[in-house]
Amino acid sequence: MARRPAASSAKKRQDRLRRDDRAFVWHPFTQMEEWEQESPIIIERGDGRHLVDTEGNRYYDGVSSIWVNIHGHRNRVLDRALHAQLEKIAHSTLLGLSNLPSIELARQLIQIAPPGLQKVFYSDNGSTAMEIAIKMAYQYWQQQGSRFRNKKKFLSFDMAYHGDSLGTVSLSGIALFHRAYKPLLFKTFKADPPYCYRCPLQLRYPSCHLACIQPIEATLKAHHQDIAALVIEPMIQGVGGMITSPLGYLKAIRELCTRYDVLLIADEVATGFGRTGKMFACDHEGVTPDLMAVSKGLTGGYMPLAATLTTQRIYDGFLGAYDDFRTFFHGHSYTGNPLGCAVALANLKLFKRTRLLNVLPEKVRTLQRALRGLRSLAHVGQVRQLGLMVGIELVRNKRTKEPYPLEDRIGHKVAMETRRQHLIIRPIGNILVLMPPLTATLQELNVIVEVVKLAIQSATRSPRHIPTRS
Ligand SMILES: *Cc1c(COP(=O)(O)O)cnc(C)c1O
């Protein structure tokens, strides 16, 4: 490597970048004491489904840059849309003004959204989109008359994830993320997730006949007068472990919400824009939620932008004279950012132009076939897949389903192995997550699974797991 004279200056730059990263950057969800000991990969460029680091190494982007990327990096259509918008204006506000791309995008989002959703409220990220859904649902009932004033609480799922702001953390159910902030959170009614591999009712699908719906119905029956909304990640709870729900579950939840006059908030932040094989996860069961949050894939993975979609009924609940003060009191500095909206429009254009939703089923089937080869591995408990979202649950003991202790960091070990093979993945505890960009080729999908298979074998083979500290 040191042949070229430029090599030493490249090495200098690399050392400086690593030093400055350590000195100045605090990384998300990262134990920085550990980070400071490592030499991080520093990404400089993107090229299709690949990331290229400062040393010129290419890595396959196996989790779509944390679940956001759709068409790959440096996509010509998306790049051009951003450039074209830059020639006009980068940002202006939606407070007291409107802007062109946000109008056009709202119209197109309503065209593709589940029927019945009519209005679009913009924000910048998944957490804010969900925060907005919470506030809308709450305020809606407060403005519906005294009969509904007690509808102040929410029903959400254990192991759910809805974001990192305090409202969304309150709705989430990931114990590890909550412990530290518990006194700051509001209380919610909690339901068990439809986690069939570890069924809380110890039943089996389909002979269970979705018995897990009953306790949720019981909660709604007893408390619907206090519940503003039920909050769900439709079809698949992502961060909680890629927990896929059985057929008919989402539809049953929709029916319960309608019956008990509780709003349904669908968090499509991870699932939206083709990730599950359909445009939205709700489309799998023909469900229209009362409020729907989207973000991650909205801009094809290019810009931070989010939207909360809702129905005419909810919207009308906020109408009135100025001094009724039924206004929705919420907004962000970058609400409806024109650059974000312009690239989101190009994202939707690409969906049409490449007929992406039509070519996805073959990719989904190919991935499914490849994943079958993992089931026989000694430490693979279950492989869960919906569309191009995959969770591989690693267990210490396959027969008893005994999990690996978190401190074994088994998922992390597998991810470090795949990285050596130039595949970037990021696990969640013992769950390996695969979420390739939707433009991944059939061959790439097969290679990803093969690399992961070898990495699992290598990371779980040797008895080098640190024993649990007492
Ligand atoms: C990522 C995610 C969020 C939060 O989105 P951010 O943009 O990270 O704030 C919310 N809900 C779900 C289901 C997510 O996957």
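FYI, the numbering just counts along the sequence from 1.
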(message) If you define the side chain from C-beta out and look only at heavy atoms, does anything of N57 sit under 4.5 Å from V52?
(response) no

(message) I need the full list of ring pair (Phe, Tyr, Trp, His ring centres under 6.0 Å) pairs touching residues 405-446, with sequence neighbours left out, sorted by first then second residue.
(response) Y59-H422

(message) When you compare the side chain of S39 with that of Q14, does any pair of heavy atoms fall below 4.5 Å?
(response) no

Which atom pairs, donor and acceptor, lie under 3.5 Å between side-chain atoms of residues 445-452 and protein residues at least two apart or in another chain?
residue	atom	partner	partner atom	Å
N446	ND2	L442	O	3.3

(request) Not counting sequence neighbours, which residues clear side-chain hydrogen bond (donor to acceptor under 3.5 Å, both in side chains) with D164? List them please. (result) Y161

(request) Mind jotting down which residue pairs meet the salt bridge (Lys or Arg N to Asp or Glu O under 4.0 Å) criterion with at least one end in residues 66-77? Sequence neighbours excluded, please. (result) R74-D79

(request) Check the side chains of H73 and D47 for a donor-acceptor pair under 3.5 angstrom, ignoring hydrogens and angles. (result) no

(request) Sorted by first residue and then second, give each side-chain hydrogen bond (donor to acceptor under 3.5 Å, both in side chains) pair with at least one member in residues 363-377; sequence neighbours left out. (result) none

(request) Determine whether the side chains of D61 and S65 contain a donor N or O and an acceptor N or O closer than 3.5 Å. (result) yes

(request) Using salt bridge (Lys or Arg N to Asp or Glu O under 4.0 Å) as the criterion, list what pairs up with R18, not counting sequence neighbours. (result) E55

(message) The criterion is side-chain hydrogen bond (donor to acceptor under 3.5 Å, both in side chains); which residues satisfy it with N99, sequence neighbours excluded?
(response) S102

(message) I'd like to know if the side chain of S127 pairs up with that of H162 as donor and acceptor (distance under 3.5 Å, no hydrogens or angles considered).
(response) no

(request) Tell me whether the guanidinium CZ or amine NZ of K296 lies under 6.0 angstrom from the six-membered ring centre of F273 and within 45° of its axis. (result) no

Side-chain donor-acceptor pairs under 3.5 Å in residues 380-389, sequence neighbours left out?
residue	atom	partner	partner atom	Å
Q382	OE1	R384	NH1	2.7
R384	NE	G241	O	3.3
R384	NE	M242	O	2.9
R384	NH1	E393	OE1	3.0
R384	NH2	G241	O	2.9
R384	NH2	E393	OE1	2.9
Q385	NE2	V364	O	3.1
Q385	NE2	G387	O	3.0

(message) Please determine whether salt bridge (charged side-chain N to carboxylate O under 4.0 Å, His left out) holds for the pair R19 and D15, giving the CA-CA distance in whole Å, both sets of side-chain angles, and the decisive distance to 0.1 Å.
(response) CA-CA 6 Å; R19 200 170 52 242; D15 288 346; over 6 Å; no

(message) Contact between T54 and L17 at the side-chain level, heavy atoms closer than 4.5 Å - yes or no?
(response) yes

(request) Report yes if some heavy atom in the side chain of L94 is under 4.5 Å from a heavy atom in the side chain of Y334; otherwise report no. (result) no

(message) Can a donor-acceptor pair be found, under 3.5 Å and without considering hydrogens, that links the side chain of E233 to the backbone of E268?
(response) no

(message) Do H330 and K135 pair up side chain to side chain, a donor and an acceptor below 3.5 Å, judged on atom types alone?
(response) yes

(message) Give me each pair satisfying side-chain hydrogen bond (donor to acceptor under 3.5 Å, both in side chains) with a member in residues 335-346, each pair once, sequence neighbours excluded.
(response) H91-N337

(request) Ignoring hydrogens and angles, state whether a donor on the side chain of K11 or S9 is under 3.5 Å from an acceptor on the partner side chain. (result) no

(message) When you compare the side chain of C212 with that of Y249, does any pair of heavy atoms fall below 4.5 Å?
(response) yes

(request) Kindly indicate whether the side chain of Y122, heavy atoms from C-beta on, has any atom under 4.5 Å from the side chain of C341. (result) yes

(request) Would you check if L438 and F351 make a side-chain contact, meaning some heavy-atom pair closer than 4.5 Å? (result) yes

(request) Measure the shortest side-chain to side-chain distance between L305 and S295 over non-hydrogen atoms and say whether it is less than 4.5 angstrom. (result) no

(message) Testing the 3.5 Å rule here: is there a donor-acceptor pair between the side chains of H379 and N397?
(response) no

(message) Going by side-chain hydrogen bond (donor to acceptor under 3.5 Å, both in side chains), name the pairs with one or both residues in residues 347-360, residues two or more places apart or in two chains.
(response) H71-N347

(message) Using the salt bridge (Lys or Arg N to Asp or Glu O under 4.0 Å) criterion, which residues pair with R420? Sequence neighbours excluded.
(response) E417

(message) Once salt bridge (Lys or Arg N to Asp or Glu O under 4.0 Å) is applied, what residue pairs with a partner in residues 28-37 remain, sequence neighbours excluded?
(response) E34-R409

(request) State, without any angle test, whether R49 and T441 hold a side-chain donor-acceptor pair at a distance under 3.5 Å. (result) no

(message) Strictly below 4.0 Å, N to O, side chains only: are E44 and R13 in salt-bridge contact?
(response) yes

